[in-house]
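Only a predicted model underlies this, so the values are computations on that prediction, with no experimental measurement involved. Ligands are counted one by one from 1 in listed order, and the atoms in each one are counted from 1 as well.
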Amino acid sequence: MKKPALSSLNGKKFDVVVIGAGINGCAAAQQLAAQGFSTLIIDKGDFAEGATSKSSRLLHCGLRHLTPGKSLWEFVTNPVYLATALINTKASMVARKDISETMPELTHLTKFCFPIYEEDPFSPILVDAAFSLLKILGPKDPPLEYKRYKADEMAEVPFSSYLRDPDKIKGMAVFNEFLFDWPERIAIDTLLDATRMGATARNYTTFKTLEEKPDNTWDVFLQNALNPEDQITVNARLVLNVAGAWSDQVAEDLNLDASQKVLKLKGAHIVLQLPPEFSDWGMLAMNRAKEPLYCVPNRGLHLVGLNRVPYEQDASGVVAEEDEVDWLLGEINYLMPKLNVTRADVKYTMAGLQPITFDPKEPHGSRAIKIHDLEKEGLKNVLTLTGGPIMTHRQVGKDLANAVGKRLSPSQPPQKLSSEVSETTKKLNDTRGQNRSIQYSKEILQKIAIEEQPANLADVLFRRTGIAWNKGQGREIVEEIAEILAGPLNWDEGRTKNEIQNYLTHLDNEFSNHTD
Ligand SMILES: Cc1cc2nc3c(=O)[nH]c(=O)nc-3n(C[C@H](O)[C@H](O)[C@H](O)COP(=O)(O)OP(=O)(O)OC[C@H]3O[C@@H](n4cnc5c(N)ncnc54)[C@H](O)[C@@H]3O)c2cc1C
């Protein structure tokens, strides 16, 4: 997946141009290449740098979809809502099996618990029923190993002795949940497979606009994000807008008076060091707004989230704000008062924008995953995706490629795709140390520098190696890593120093622990 010079693409014809290389764009590119569509996929930043790198990492079993917003009546009174929930639940269970079995290097199993309080909208019997439904809807393997402890039996669950109001707990559900260990690498591996099958991928390449040609194809104007004077045009028979939270912005860039399709739903996390007995245990509980509060183990720390707030501003550079950090600290302390966590326990924070399907009737959008055909808005053969989470990206990739297949026939023969991780990921996986932390080797870093288009240290430490998700976010080894990358990336001494400083500044700006 070496980076093609932008000029080498000028004037080239593709069946499909995919705008946005998050997990869904990458999955679409892989499926399109496998079906024989000549494909160009571009991203204005690094691959998988958007929402895909800011998630809670849950390859969750679908329980979330069975918890309505405020009350169970939402399911009874709104059949569409119920149908969407059942479709999403089934899709989650299918994806859970598929991804955990084909990519064991990038997923792992953990125990999750769910305390049931008397004021929660779900009684223990309803929780039993929800897990029975999961079993009916999904494949039986890998098993959920669901067990419900009565209030007086739950001492073996590490969180239980920290929970508030023990006399109000009616039971504790315990089940097996899979977690993604840095989904960005899944996106990169998916893209590597797409390029193996002939797709062209280029990061730091911004979509600017489209112009319709007399033969009903599109001229697509692209700009080098690292050198804005560098601009080219490629031609496409169809354009897929998979730009996540930016997808309405892409329509605006076309001067299109299009209806709103995406709701940018902001979610923030605080990342905490919790007592050692919690390690590799996760928790799902209801917060005081009657929404899920997750406590997700990750490399010896826990991600605690989520607030969910519609976001109106520009989608770039989203960070966890002071009030969000305080709110999350307040919720985790309310749930587990004995923890008494403070700002000093926050190792770092992060925030992202979920590209939810806009629905004027739902303040938090619809949970449906939707492919919008923009023909009615004057753009024939332009499709936009909204609402795709990470866990169902493979199905979304197939759905997008099938939607393309209904409109065009591929110009090349089909090929067989691979659902497995790349050789580089296998090697990275072999370096794992305590708490699944990733180490580096000179050989792996040099291969990544040459083959995977990194432009800076954040590209390598976050998306390519996942070292930035280790406890120290790679601060302690960034200089050594920069020295190794300097050769293949042609950095002289001054540039190497700047790149190190840029990485540390990036951590301070986007992942601040808010203690200063
Ligand atoms: C806080 C939070 C927690 C979440 N937790 C989970 C979870 O636990 N499990 C789960 O499955 N999902 C989770 N999600 C949802 C999931 O992260 C997203 O739905 C998913 O990553 C969306 O992927 P995408 O490819 O559609 O969008 P993105 O990953 O956002 O990718 C869109 C890409 O388009 C690019 N782009 C934008 N404009 C342009 C342009 N003009 N030219 C070129 N490129 C452009 C962007 O740079 C970006 O890389 C969470 C999301 C958030 C925010």
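Residue Leu385 has no N or O atom closer than 3.5 Å to an N or O atom of ligand 1. On a distance-only criterion, Gln354 and ligand 1 share no N/O pair closer than 3.5 Å. Ligand 1 has an N or O atom lying under 3.5 Å from an N or O atom of Ile390, backbone or side chain. Backbone and side-chain nitrogen or oxygen atoms of Leu306 are examined, and none is located within less than 3.5 angstrom of a nitrogen or oxygen of ligand 1. Close N/O approach between Leu265 and ligand 1 is not found [any backbone or side-chain N/O within under 3.5 Å].
Between Phe511 and Tyr348, the two ring planes are perpendicular [angle over 60°; tilted spans 30° to 60°].
Using a cutoff of 4.0 Å between basic side-chain nitrogens and carboxylate oxygens, Arg464 and Asp46 are scored as salt-bridged. The residues Arg432 and Asp181 are annotated as salt-bridged, a charged nitrogen and a carboxylate oxygen being separated by less than 4.0 angstrom. Here Asp373 does not pair with Lys380 in a salt bridge; the nearest charged N to carboxylate O distance is not below 4.0 Å. Between Glu322 and Arg343, at least one side-chain N (NZ, or NE/NH1/NH2) sits under 4.0 Å from a carboxylate O, which counts as a salt bridge. At a threshold of 4.0 Å, the pair Lys54-Glu510 counts as salt-bridged, since one of the basic side-chain nitrogens sits closer than that to a carboxylate oxygen. Under the 4.0 Å criterion applied to side-chain N and carboxylate O atoms, Arg394 and Asp98 are assigned as salt-bridge partners.
Other residues, nucleotides and ligands contribute only 12 or fewer heavy atoms inside 6.0 Å of the CD atom of Glu420. The environment of Lys3 atom NZ is dense: over 12 non-hydrogen atoms of other residues, nucleotides or ligands sit within 6.0 angstrom.
Here the protein heavy atom with the shortest distance to atom 5 (N) of ligand 1 is Ser56 N, 3.0 Å. Atom 31 (O) of ligand 1 has Gly22 CA, 3.4 Å as its closest protein atom, hydrogens excluded (heavy atom only). Protein heavy atom closest to atom 19 (O) of ligand 1, with residue, atom name and distance, is Gly388 O, 2.8 Å. When hydrogens are left out, the protein atom nearest atom 44 (N) of ligand 1 is Lys44 N, 3.0 Å; that is the closest non-hydrogen contact. With respect to atom 29 (O) of ligand 1, the closest heavy atom belonging to the protein is Thr52 OG1, 2.5 Å. From the protein, the heavy atom lying nearest to atom 9 (N) of ligand 1 is Leu58 O, 2.9 Å.
Geometric assessment of Arg57 against the ring of Trp469 yields a positive cation-pi assignment under the 6.0 Å and 45° thresholds.
With a 4.0 Å cut-off on non-hydrogen atoms, His269 touches ligand 1 through its side chain and not its backbone. When heavy-atom distances to ligand 1 are checked against a 4.0 Å cut-off, Leu353 comes that close only through its backbone atoms N, CA, C and O. Contact annotation for Pro355 and ligand 1: only side-chain heavy atoms (C-beta onward) come within less than 4.0 Å of the ligand.
Under a 4.0 Å criterion applied to the non-hydrogen atoms of Ile19, ligand 1 contributes the atoms 40 (C), 42 (N), 43 (C). Remark: ligand 1 atoms within the under-4.0 Å shell around heavy atoms of Gly50 are 29 (O), 30 (O), 49 (O). The distance from ligand 1 to the heavy atoms of Gly244 drops below 4.0 Å at these ligand atoms: 27 (O), 32 (C). The distance from ligand 1 to the heavy atoms of Phe207 drops below 4.0 Å at these ligand atoms: 40 (C), 41 (N), 42 (N), 43 (C). Atoms of ligand 1 lying under 4.0 Å from at least one heavy atom of Asp43, given by number and element, are 33 (C), 34 (O), 35 (C), 43 (C), 44 (N), 46 (C), 47 (O), 48 (C), 49 (O). The Ser55 neighbourhood of ligand 1 comprises atoms 2 (C), 3 (C), 4 (C), 5 (N), 6 (C), 13 (C), 14 (N), 17 (O), 50 (C), with distances under 4.0 Å to a heavy atom of that residue. For ligand 1, the atoms sitting less than 4.0 Å from at least one non-hydrogen atom of Asn24 are 22 (C), 23 (O), 24 (P), 25 (O), 26 (O), numbered in the order shown with element in parentheses. Counting the atoms of ligand 1 from 1 in the order shown, those under 4.0 Å from a heavy atom of Lys54 are 1 (C), 2 (C), 3 (C), 52 (C).
In this structure, Thr205 has a heavy atom closer than 4.0 Å to ligand 1. Ligand 1 does not have Gly305 within reach: every non-hydrogen atom of the residue lies 4.0 Å or more from it.
Residue pairs that meet the salt bridge (Lys or Arg N to Asp or Glu O under 4.0 Å) test with at least one member in residues 217-243, sequence neighbours left out, are Asp15-Arg237, Lys213-Asp219. Among pairs with a residue in residues 83-96, those fulfilling side chain to side chain donor-acceptor pair (under 3.5 Å) read His65-Ser92, at least two apart in sequence or across chains.
Distance alone, capped at 3.5 Å, is enough to place a donor-acceptor pair between the Glu331 side chain and the Arg288 backbone.
Counting heavy atoms only, Ala51 comes closest to atom 28 (P) of ligand 1 of the residues Ala51, Pro389, Ala243.
Outside the 6.0 Å centre-distance limit, the rings of Trp182 and Phe462 are not counted as a close aromatic pair.
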Run the salt bridge (Lys or Arg N to Asp or Glu O under 4.0 Å) test on Glu177 and Lys111 for me, step by step, so that the C-alpha distance in whole Å, both residues' side-chain angles and the decisive distance to 0.1 Å come before the verdict. CA-CA 6 Å; Glu177 190 77 300; Lys111 282 275 175 215; over 6 Å; no
